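For reference, the structure discussed in these notes is given below.
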Amino acid sequence: MKNLLSTPQSATAAPLSRRRALALSALVGGTALATSACSGGSSGATDPNTFEFWSFTGINQKDSVEEYKQLAPDVTVKLTEVGNAQETAQGLTTALAGGKVPDLVLIQAGDLPKFMKNPGNFVDLTTLGADDVQDDYVEWVMAQATAQSGEIIGIPTDVGGMGVAYRTDLMAAAGLPTNRDEVSALWPTWEDFIATGRRYTEATGNAFIDNAATTVFLQAVSQGEEQYYSADGDVVYDTNPIVRESFDLGLRAIAAGITAKLESFTDGWNAGMAKGAFAAVAAPSWMLGSIRSAAPDTEGEWDIAVIPGGRGNWGGSYLAIPARAANPQAAWDYITTMQSPEQQLQHFLDSGSLPTTPVNYDKPELVNHTDPFFGDAPTGKIFTQAVLGLEPFVNGEYNTEISTELLNALNGVEGDGAPADAAWDTAVRNIKSAIGS
């Protein structure tokens, strides 16, 4: 499931751009969404074999629920797909304020920090046994769901280890290598990546990447050990050099003329994918499903290279249990069953969701897994290597808002012709307005 806010789009959030998704969340948050939150919550029933589950759309959560029913046939799971990831978080916020809550809820990683402010709104999962299983999961991923006072409010479902998906036929037409090792060697750094884009565009007259905001900036900033918040939890997006350097990389990609000016997850982006409007795109593990859906006729024409810098994550989600849940034990049973190392490995083999359970990272089923759609690329190996080098970092309350305004500023330059030399100041001003500091 997708987001690096860790960031945008959970491995499985609905296919809207961040700007549109957040605007939609704001639009419906006080009306239809509030109604959904009140009508879809826990009914107060105490049947130990029934529980309410809120998820977001676009991730085919129904399959997981059906799989669980095969493993626990006496259990009834009442699944509600509230909306996209941001809408689901807003619905949960409304419910926590006094409405009916579900027994179990899926929270995108980028939205989790807002809920971490008040861990008392959720069951401390250590009371149900999380302290016995927390070491099963990647340390930095678990750290995001652990409060300063020690409560664990979520169990991770997946991470979005990074790679670069590229079209071998389009690279060949530009006279560039197509072998994934040779392609990876083209761009050990982001500067090299942009230089490769120039070579491609000069040779073909076509765009190299979809856009600078998500394929360059978002990935570069995610590689910093400190991002929008300091280790002490202070807001540092405007003083942290990695943020400004990553933003400037995005501007340089735009200035180089290598982008197709297509915002991620829009209809135009989907159409451009199918038409070969760009040759490369930043691709976390969950993105492969988006590429298949958008461009089914391109099977075998893609491959996966290592991301510049060699590491990164975009996305991920957590399962949490609200404190007023009517049936927390049934919800916990679902978590421990469906997010066990064995089940996470199976999820990867079935759908490409990268496990958060490192015990799987050296298993032959994952290490040797290849994807024929992407030229038999060893996706298990590539994506796990990308997350193994990451260190714990602070995801603050306003990570989503900060990231959104930085992305919007770059999109404004790229798509709307806003002046590049004013883009950083515009982003900072809008961030301060959005978060109040």
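Small disclaimer: the values here were computed from a predicted structure and weren't measured. Side chains are part of it too, since the values below use all heavy atoms of this structure and drop only hydrogens, waters and symmetry mates.
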Would you please name every residue forming a salt bridge (Lys or Arg N to Asp or Glu O under 4.0 Å) with Asp333, sequence neighbours left out?
none
Pick out which of Asp74, Thr76, Asp103, Val77 makes a side-chain contact (heavy atoms from CB on, under 4.5 Å) with Thr50.
Thr76
Go through Phe51 and Leu104 one step at a time and tell me if the side-chain contact (heavy atoms from CB on, under 4.5 Å) criterion holds.
CA-CA 8 Å; Phe51 69 94; Leu104 181 67; 3.9 Å; yes
Could you measure the distance from the CD1 atom of Ile155 to the CG atom of Leu319? Nearest 0.5 Å is fine.
8.5 Å
Between CZ on residue Phe348 and OG1 on residue Thr356, distance to nearest 0.5 Å:
13.5 Å
Can you sort out the partners of Asp350 under side-chain hydrogen bond (donor to acceptor under 3.5 Å, both in side chains), two or more places apart, ordered by chain and number?
Gln346
Tell me every residue that passes ring pair (Phe, Tyr, Trp, His ring centres under 6.0 Å) with Tyr68, counting only those two or more places apart in sequence or in another chain.
Tyr334
Mind running side-chain contact (heavy atoms from CB on, under 4.5 Å) on Asp234 and Val394 for me, showing each step along the way?
CA-CA 9 Å; Asp234 298 324; Val394 173; over 6 Å; no
Do the side chains of Asp248 and Arg244 get close enough for a salt bridge, i.e. N-O under 4.0 angstrom?
yes
Qualifying side-chain hydrogen bond (donor to acceptor under 3.5 Å, both in side chains) pairs with a residue from residues 373-384, counting only residues at least two apart or across chains:
none
Aromatic rings Phe193 and Trp190: how do their planes relate, parallel, tilted or perpendicular, breaks at 30° and 60°?
perpendicular
Walk me through whether Asn211 and Thr259 qualify under side-chain hydrogen bond (donor to acceptor under 3.5 Å, both in side chains).
CA-CA 5 Å; Asn211 65 74; Thr259 76; over 6 Å; no
Considering only NZ, NE, NH1 and NH2 on the basic side and carboxylate oxygens on the acidic side, decide whether Glu397 and Lys114 come within less than 4.0 Å.
no
Given side chains that start at C-beta, do those of Phe278 and Met273 come closer than 4.5 Å, heavy atoms only?
yes
Side chain of Thr298, backbone of Ala295: donor and acceptor closer than 3.5 Å?
yes
What's the verdict on side-chain contact (heavy atoms from CB on, under 4.5 Å) for Arg324 and Lys100, showing C-alpha distance, side-chain angles and the deciding distance?
CA-CA 8 Å; Arg324 291 187 284 110; Lys100 294 179 180 179; over 6 Å; no
Output the distance between atom CZ (Arg252) and atom CD (Glu245), rounded to the nearest 0.5 Å.
9.0 Å
Looking at Gln219 and Met162, would you say the former's side chain and the latter's main chain have a donor-acceptor pair under 3.5 Å?
no
Test side-chain contact (heavy atoms from CB on, under 4.5 Å) applied to Leu249 and Val216, Leu410, Val221, the passing residue
Val216
Residues which pass ring pair (Phe, Tyr, Trp, His ring centres under 6.0 Å) with Phe383, listed by chain and number, not counting sequence neighbours:
none
Should the ring pair Phe217 and Phe247 be called parallel, tilted or perpendicular, given that the plane angle runs from 0 to 90° and is split at 30 and 60?
perpendicular
State whether the number of non-hydrogen atoms from other residues, nucleotides or ligands found under 6.0 Å of Lys62 atom NZ is greater than 12.
no
Could you list the donor-acceptor pairs under 3.5 angstrom formed between side-chain atoms of residues 130-138 and any protein atom two or more places apart in sequence or on another chain?
| from | atom 1 | to | atom 2 | distance (Å) |
| --- | --- | --- | --- | --- |
| Tyr137 | OH | Gln339 | O | 2.7 |

Rounded to the nearest 0.5 Å, what's the gap from OH on Tyr166 to CH2 on Trp302? Could you check?
11.5 Å
For the side chain of Tyr361 and the backbone of Gly380, is there at least one donor-acceptor N/O pair under 3.5 Å apart?
no
Verify side-chain contact (heavy atoms from CB on, under 4.5 Å) between Leu71 and Gln343, making sure each step is shown before the conclusion.
CA-CA 11 Å; Leu71 299 171; Gln343 285 298 316; 4.1 Å; yes
Quick check: are there more than 12 heavy atoms from other residues, nucleotides or ligands sitting under 6.0 Å from CD of Glu299?
yes
Distance check, rounded to the nearest 0.5 Å: Thr400 atom OG1 versus Leu112 atom CG?
10.0 Å
Salt bridge or not for Asp238 and Lys432, using N-O below 4.0 Å?
yes
Measure the spacing between CD1 of Ile335 and OG of Ser340 and express it to the nearest 0.5 Å.
12.0 Å
Donor-acceptor side-chain pairing of Thr214 and Ser264 below 3.5 angstrom:
yes
Side-chain H-bond candidate by donor/acceptor type, Asp232 with Ser230, under 3.5 Å
no
Looking only at atom types and distance, does a side-chain atom of Asn84 sit under 3.5 Å from a main-chain N or O of Glu87, one as donor and one as acceptor?
yes
Heavy atoms from other residues, nucleotides or ligands near NZ of Lys261 exceed 12 (cutoff 6.0 Å)
no
Answer yes or no: is there a side-chain heavy-atom contact under 4.5 Å between Asn327 and Asn49?
no
Side-chain H-bond candidate by donor/acceptor type, Thr357 with Asn360, under 3.5 Å:
yes
